[in-house]
Amino acid sequence: MKRVAILISGGGSNMVALVNSMTGDHPARPVLVASNDPAASGLEKARAAGVSTAAVDHRPFGKDRAGFEAALLRHIEAAEPDILCLAGFMRVLTPDFVARFEGRMLNIHPSLLPKYPGLHTHQRALDAGDTLAGCTVHQVTAVLDDGPILGQAQVPVLQGDTADTLAARVLVQEHRLYPEALRRFALGQSEPIFLNA
Ligand code: GAR
């Protein structure tokens, strides 16, 4: 059984989808949900699901990313995860942190990478006149929103979409894609999966 730690910053809907998927004959189990924001509402959802939680507020660390990560790492290492999932975790990680988990750290990003790494992905897709949008699960490397793709899910961009309506449509697919990508990754299957809405 693989041990999975999940990092969140907010509501944690992807985290909940991952936690709920790890039952029965799933090859992994959640061992920790950690956040850089002690007020992240996802922490309460994790506790309600019976998963241990930790919070390390990044703000007192200011520009000291390494200091923040060292404090976060103490919680992560205590949980002895095999796999680390970023699920709406909104802090950029240092190369040292990434190197420590390289090959066993996944992220979900709300665009069809390599399009639109970074922020405001849905508005950027709308501004570009794209007719397809979606999300990507990938392995985390030192380059932001880069790394081997484990899966993508596509949704249509509809007439009259705003960033919010598009985000909501993509999020539904995130909740399908991430659990499936994690399950395959935990089984050692490296073939990416592609889903359509
Ligand atoms: C999700 O849409 C996720 O793809 C995105 O944040 C949202 C978190 O929602 N992640 C990023 O933008 C990473 N750069 P959630 O907390 O409900 O899972």
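These numbers come from the heavy atoms of this one structure, side chains and all, not from hydrogens, waters or symmetry mates. Atoms within each ligand, like the ligands themselves, are counted from 1 in listed order.
Side chain of Lys2 to main chain of Ile83: no donor-acceptor pair is present (N/O by atom type, distance under 3.5 Å, no hydrogens or angles). Although no hydrogens or angles enter the test, the distance criterion places no donor-acceptor pair under 3.5 Å between the side chain of Ser35 and the main chain of Ala40.
Sorted by chain and number, the residues within 4.0 Å of ligand 1 by heavy atom are Gly11, Gly12, Ser13, Asn14, Gly88, Met90, Ile108, His109, Pro110, Leu171, Glu174.
Take Arg183 and apply the side chain to side chain contact (heavy atoms under 4.5 Å, CB included) test, not counting sequence neighbours, and it matches His26, Pro27, Glu180, Leu187.
For the residue pair Arg65 and Thr94, no side-chain donor N or O sits within less than 3.5 Å of a side-chain acceptor on the partner. Asn36 and Ser9 share a donor-acceptor pair across their side chains, judged by distance under 3.5 Å alone.
Taking the charged nitrogens against the carboxylate oxygens, Arg100 and Glu77 do have a contact shorter than 4.0 Å, which makes a salt bridge.
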